[in-house]
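Working notes, structure below.
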Amino acid sequence: MKVMNSELLSSCSEMVDCFNEIAMNSDCRVVVLSGAGKFFTAGIDLTDVASDVLSPEGDDAARISWNIRKKLFKFQEAFSVIERCPKPVVVAIHGACIGAGVDLISACDIRMCTQDAWFQVKEVDIGLAADVGTLQRLPKVIGSRSLVNELALTARKMFADEARSSGLVSRVFADKEAMMAGALEMAGEIAARSPVAVQGTKINLIYSRDHSVTEGLDYMATWNMSMLQTQDVMKSAQAAMEKKSPKSVVFSKF
Ligand SMILES: CC/C=C\C=C\CC(=O)SCCNC(=O)CCNC(=O)[C@H](O)C(C)(C)COP(=O)(O)OP(=O)(O)OC[C@H]1O[C@@H](n2cnc3c(N)ncnc32)[C@H](O)[C@@H]1OP(=O)(O)O
């Protein structure tokens, strides 16, 4: 058992398998990710760094470098798989969320935390530039580039209120129990809606984040030229006209 949920990278194959399975499983419509114990995560296991990352195999610099690159791609994939998964991922963060934890939550769709939560882009403190997603995704999550730069360059802790005001999280709860209830309620709201609409929304939001408005609109039209043919539109519109909740509609698996 690793300390403080610091097994993030050593379990990256399990993360990839898990989210690939979720992506294919039509019984699953939404994911809630949380951490057990005192903290959400203390980042990578510092006792593993030497053996995992700093002892690469290879007969010369080219081969060593290539092997490090392959390893980094593998680590990156552990979090990119969350973003690629068409099912929305709600992450519930309590206590510390350090280093690789910030890489992880940046790849999730909805972030919420407890009042005692704090976030730290810790990598500069351990002598490296964050390399598994924070530097790429966090600037797209938080509007202020200056704030992202400050956090990443100084490794200062950001507490819950600032995380909320900066847009890193959208909700702050008094404690973990309240947060988990809030996360599950939100997941229930998402799961009750058309999975065709929900998954199309996630996929198009991420596409649009990384493309121009024109490209995003083009992709959207191409997406919906088939997805608008779903029976979910008629079922949902009928329920709306009858002033019924979308929760009253039974949608086929998707
Ligand atoms: C290729 C690389 C890819 C990805 C890279 C990601 C980079 C990162 O994730 S950088 C972040 C690395 N993590 C840290 O620097 C966290 C360091 N730990 C702390 O800041 C603190 O320990 C704490 C998590 C805030 C907890 O503080 P506290 O409640 O005061 O407890 P402690 O007494 O400090 O810790 C208890 C016990 O846990 C051990 N520990 C804590 N974190 C880690 C860790 N990340 N890896 C290994 N061990 C950890 C700590 O050493 C203590 O152990 P004892 O044996 O009880 O002394």
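First listed ligand is number 1; within each ligand, the first listed atom is number 1. Note: hydrogens, waters and symmetry copies are ignored here, and every other heavy atom, side chains too, is used.
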Heavy-atom contacts with [X] under 4.0 Å: which atoms of ligand 1 show up? List them by number with element.
X: A100; value: 6 (C), 8 (C), 9 (O)
X: G99; value: 8 (C), 9 (O), 10 (S), 11 (C)
X: F75; value: 1 (C)
X: G43; value: 9 (O)
X: L72; value: 1 (C)
X: D131; value: 1 (C), 2 (C), 3 (C), 4 (C)
X: I126; value: 10 (S)

Check: R63 main-chain N/O paired with D60 side-chain donor or acceptor under 3.5 Å: yes
Sub-3.5 Å N/O-N/O distance, [X] and ligand 1:
X: K122; answer: no
X: A42; answer: yes
X: L46; answer: yes

Heavy-atom gap K71 to ligand 1 smaller than 4.0 Å: no
Ligand 1 contact by D103, heavy-atom criterion under 4.0 angstrom: no
R69 to W66, cation-pi by 6.0 Å centre distance and 45° axis angle: yes
V141-L104 co-clustered via ILVMFWY side chain contacts under 4.5 Å: yes
Residue pair E189 / P246, side-chain heavy-atom distance below 4.5 Å: no
Side-chain touch K202/I206, heavy atoms, less than 4.5 angstrom: yes
Y207 and Y219 aromatic ring geometry - parallel, tilted or perpendicular at 30°/60° bounds: parallel
Contact summary for L138 and V121, nearest pair of heavy atoms: CD2-CG2, 4.2 Å
Residue pair F40, I105: steps toward the side chain to side chain contact (heavy atoms under 4.5 Å, CB included) verdict: CA-CA 10 Å; F40 179 73; I105 65 163; 3.7 Å; yes
Full working for side-chain hydrogen bond (donor to acceptor under 3.5 Å, both in side chains) between D175 and T114: CA-CA 5 Å; D175 54 32; T114 51; over 6 Å; no
Proximity of K38 to ligand 1 by residue part, where a heavy atom lies under 4.0 Å: side chain
